[in-house]
Amino acid sequence: MTANRPLRVAIVGAGPAGTYAADILSKTDLDVSIDIIERLPAPFGLVRYGVAPDHPRIKQIIVALANVLGRGDIRFLGNVNVGTDLTLQDLREHYDAVIFATGSFKDADLDIPGIDLDGSYGAADFVSWYDGHPDVPRTWPLHAKEVAVLGVGNVGLDVARILAKHVPDLLSTEIPANVQEGLEASPVTDVHIFGRRGPAQVKFTPLELRELGQVPDVDVIVYPEDYDFDEGSMAAIESHHQTKQVVKTLTDWTLREPTGASRRIHLHLLQEPVEILGEDGKVVGLRMERTALQGDGSVKGTGEYLDYEVQAVYRAVGYWGTEIDGVPFNDGKGVIRNEGGRVIDESGERVPGFYATGWIKRGPVGLIGHTKSDASETIANLVEDADALYAGTQASPEQLSPDNLLRLLKSRGVPVVEWSGWEVLDAHERALGEAAGRERVKVVPRDEMTDVALGNG
Ligand SMILES: Cc1cc2nc3c(=O)[nH]c(=O)nc-3n(C[C@H](O)[C@H](O)[C@H](O)COP(=O)(O)OP(=O)(O)OC[C@H]3O[C@@H](n4cnc5c(N)ncnc54)[C@H](O)[C@@H]3O)c2cc1C
């Protein structure tokens, strides 16, 4: 079947996954008209609100994403939340197909006693704070001298590094003023990172790990008793170049003497959290159990317990996708149920017209680049389904008109930030940065972001 009109496609989420999906879809043979709908007034998802501010090279990916979104053939509709400002029924009535690229911004749970104590935090919340996410509180309680970070992935590294770094070493970055003030007042001296398994099982990437050893006036301290390699570890080291590099860096550090720096990052392995210890409702310590490798790289508790004095605990045990009401969700994995990006219901039946891509399709693991291959698969399937999408559409010709959706949003009083509005906000943030000798200073409050973008200031 052919149609004499473009296929109208909504992409929900303007992170890398949504943006790559828009780009790839726009370059197929299909005649398409694409809206990318984003709940924040700013695009780029976790590249803006997750990647650490002291990683400007990675943040540069924003330039490539902006080239796609600003090209003119894809319409950006920012500050529009699917679920409240627009319902799924609205999307069905205005589009032939919807691609959910809503990512993750919440922490996975960690079910140990004490997790709800005052001073126990999710890494994702802290990341949102230091990256200036508009929907989290402006202040962060940085009162602890000794802090634990649970988890040996790159998010754990980011959190530990930002906690330990001295503020002057962050001033060239885009951190907002409230974050600068918060970090300046932090009395932190020791940050303890903990991993359940051994050196060959940590999830750090080599570059990010090496960077930890170069933070000015911060010593990285490792403990020789945490270095054990079973058969599974040796196999991993031999077969994965990345594991070999990470293990080499960790092993090199066992030979380094502390320099007497004013702050320390301790890296503990083969220990798993048993309980966060509290007094008067507040974190005062952390009980860990020593684990032992089992031969295949897995570990088992040994019954030996170690207590650490800490006043704050950050769990960096993974992100978790958020459900959108009415879109089939796998609670066990935190993803939208799908097969190759085609959304399916609990019984495995296709949900016509609905697709998923990125972290909400695959789970919150992997780098920005991985969302490109995700998008390729989802778009290939959508293109294959094009005839069925035209035939099964619930949208009327009048509703399919792009103006119609904008009218609907305006009638609901939603202050939509289109691409031109983002450009104004972007220029404003750069100007704030220039005045302070920095590349950018982020605007944090949502109403201030929209006021600037919409020229209401
Ligand atoms: C702390 C941290 C640091 C990282 N550092 C790196 C790094 O250094 N290098 C690297 O390669 N990768 C890094 N990553 C991974 C990278 O951020 C992800 O691979 C990537 O962002 C996933 O893309 P996504 O588009 O699926 O999701 P996201 O980036 O989360 O984008 C999803 C978008 O959907 C929007 N959205 C959600 N719900 C709705 C809704 N209901 N309506 C409308 N819009 C909605 C969100 O606001 C968001 O903009 C990091 C991740 C984290 C968490």
Side-chain angles (χ1 to χ4, degrees), residues 106-130 133 136-153 155-167 178-179 181-197 212 218-223 225-226 258 261-292 299-320:
K106 295 250 173 255
D107 289 284
D109 289 336
L110 179 67
D111 191 14
I112 55 168
I115 198 74
D116 294 325
L117 286 167
D118 190 3
S120 161
Y121 310 112
D125 292 336
F126 182 55
V127 167
S128 292
W129 174 74
Y130 70 59
H133 194 293
V136 301
R138 293 292 90 82
T139 55
W140 188 269
L142 287 163
H143 311 307
K145 277 180 75 179
E146 290 136 324
V147 180
V149 176
L150 305 176
V152 282
V155 175
L157 278 188
D158 283 350
V159 166
R161 197 182 61 253
I162 296 289
L163 282 167
K165 225 170 183 173
H166 295 275
V167 169
N178 64 307
V179 175
E181 281 159 27
L183 290 172
E184 259 160 359
S186 167
V188 74
T189 56
D190 291 84
V191 179
H192 299 263
I193 305 177
F194 291 95
R196 287 180 61 241
R197 300 197 286 159
L212 199 68
V218 176
D219 276 335
V220 177
I221 300 179
V222 295
Y223 296 86
E225 63 269 29
D226 296 342
S262 67
R263 290 179 175 173
R264 289 156 292 279
I265 294 177
H266 308 255
L267 195 47
H268 306 274
L269 300 171
L270 292 171
Q271 295 183 41
E272 78 179 326
V274 177
E275 182 179 355
I276 301 175
L277 307 169
E279 237 175 62
D280 301 330
K282 292 196 172 101
V283 171
V284 294
L286 179 66
R287 178 156 303 154
M288 304 294 291
E289 182 178 8
R290 171 67 70 193
T291 60
V299 288
K300 216 166 108 179
T302 61
E304 181 197 344
Y305 296 96
L306 302 127
D307 284 358
Y308 293 86
E309 212 172 290
V310 294
Q311 301 83 45
V313 176
Y314 291 76
R315 62 177 195 284
V317 294
Y319 273 54
W320 203 250

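Reckoned from all heavy atoms, side chains included, excluding hydrogens, waters and symmetry mates. The first residue of the sequence shown is numbered 1, and numbering continues consecutively from there.
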**Prompt:** After noting the C-alpha distance and the side-chain angles of His166 and Arg263, does the key distance pass the side-chain contact (heavy atoms from CB on, under 4.5 Å) rule?
**Reply:** CA-CA 9 Å; His166 295 275; Arg263 290 179 175 173; 3.7 Å; yes
To the closest 0.5 Å, what do you measure between [atom1] ([X]) and [atom2] ([Y])?
X      : Y      : atom1 : atom2 : answer
Leu267 : Leu212 : CG    : CG    : 7.5 Å
Leu269 : Thr291 : CG    : OG1   : 9.0 Å
Tyr314 : Leu150 : OH    : CG    : 12.0 Å
Ile265 : Leu157 : CD1   : CG    : 8.0 Å
Met288 : Tyr308 : CE    : OH    : 7.0 Å
Leu270 : Glu289 : CG    : CD    : 12.0 Å

**Prompt:** Can Asn178 and Thr139 be said to form a side-chain contact (heavy atoms from CB on, under 4.5 Å), step by step?
**Reply:** CA-CA 7 Å; Asn178 64 307; Thr139 55; over 6 Å; no
**Prompt:** For atom CD of Glu184, is the number of surrounding heavy atoms from other residues, nucleotides or ligands below 6.0 Å larger than 12?
**Reply:** yes
**Request:** Please check if any side-chain donor atom of Gln271 sits under 3.5 Å from a side-chain acceptor atom of Tyr223, or the reverse.
**Result:** no
**Request:** Quick one: which residue pairs count as a side chain to side chain donor-acceptor pair (under 3.5 Å) with a foot in residues 141-151, not counting sequence neighbours?
**Result:**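 For residues 141-151: Glu146-Gln311.
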Quick check: closest heavy atoms across [X] and [Y], and the distance to 0.1 Å?
X      : Y      : answer
Ala164 : Val191 : CB-CG2, 4.2 Å
Asp107 : Ala123 : OD1-N, 3.0 Å
Ala144 : Ala312 : CB-CB, 3.7 Å
Val218 : Ala261 : N-CB, 3.6 Å
Phe194 : Ala148 : CE1-CB, 3.8 Å

**Asked** With ring centroids as reference points, do Phe126 and Tyr121 lie under 6.0 angstrom apart?
**Response** no
Does any non-hydrogen side-chain atom of [Y] lie less than 4.5 Å from one of [X]?
X      : Y      : value
Arg315 : Ile115 : yes
Ile112 : Ile276 : yes
Leu183 : Ile162 : yes
Val152 : Ile193 : yes
Asp307 : Leu286 : no

**Asked** Excluding sequence neighbours, so at least two apart, what forms salt bridge (charged side-chain N to carboxylate O under 4.0 Å, His left out) with Arg161?
**Response**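 Salt bridge (charged side-chain N to carboxylate O under 4.0 Å, His left out) list for Arg161, sorted by chain: Asp54, Asp158, Glu211.
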**Message:** Please determine whether salt bridge (Lys or Arg N to Asp or Glu O under 4.0 Å) holds for the pair Asp190 and Arg264, giving the CA-CA distance in whole Å, both sets of side-chain angles, and the decisive distance to 0.1 Å.
**Reply:** CA-CA 5 Å; Asp190 291 84; Arg264 289 156 292 279; 2.7 Å; yes
**Prompt:** Is the shortest side-chain N to carboxylate O distance from Arg290 to Asp226 below 4.0 Å?
**Reply:** yes
**Item:** side-chain contact (heavy atoms from CB on, under 4.5 Å) evaluation trace for Val310 with His192
**Value:** CA-CA 9 Å; Val310 294; His192 299 263; 4.3 Å; yes
**Message:** I'd like to know if the side chain of Ser120 reaches the main chain of Asp116, judged simply by a donor and an acceptor atom lying under 3.5 Å from each other, with no hydrogens or angles considered.
**Reply:**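 Not at all, since once roles are kept as given, no pair shorter than 3.5 Å links the two residues.
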**Request:** Dump the intermediate steps for side-chain contact (heavy atoms from CB on, under 4.5 Å) on Leu163 and Tyr130, then the final yes or no.
**Result:** CA-CA 10 Å; Leu163 282 167; Tyr130 70 59; over 6 Å; no
**Request:** Enumerate the residue pairs fulfilling salt bridge (charged side-chain N to carboxylate O under 4.0 Å, His left out) with a member in residues 271-284, sequence neighbours excluded, ordered by first and then second residue.
**Result:** Arg196-Glu272
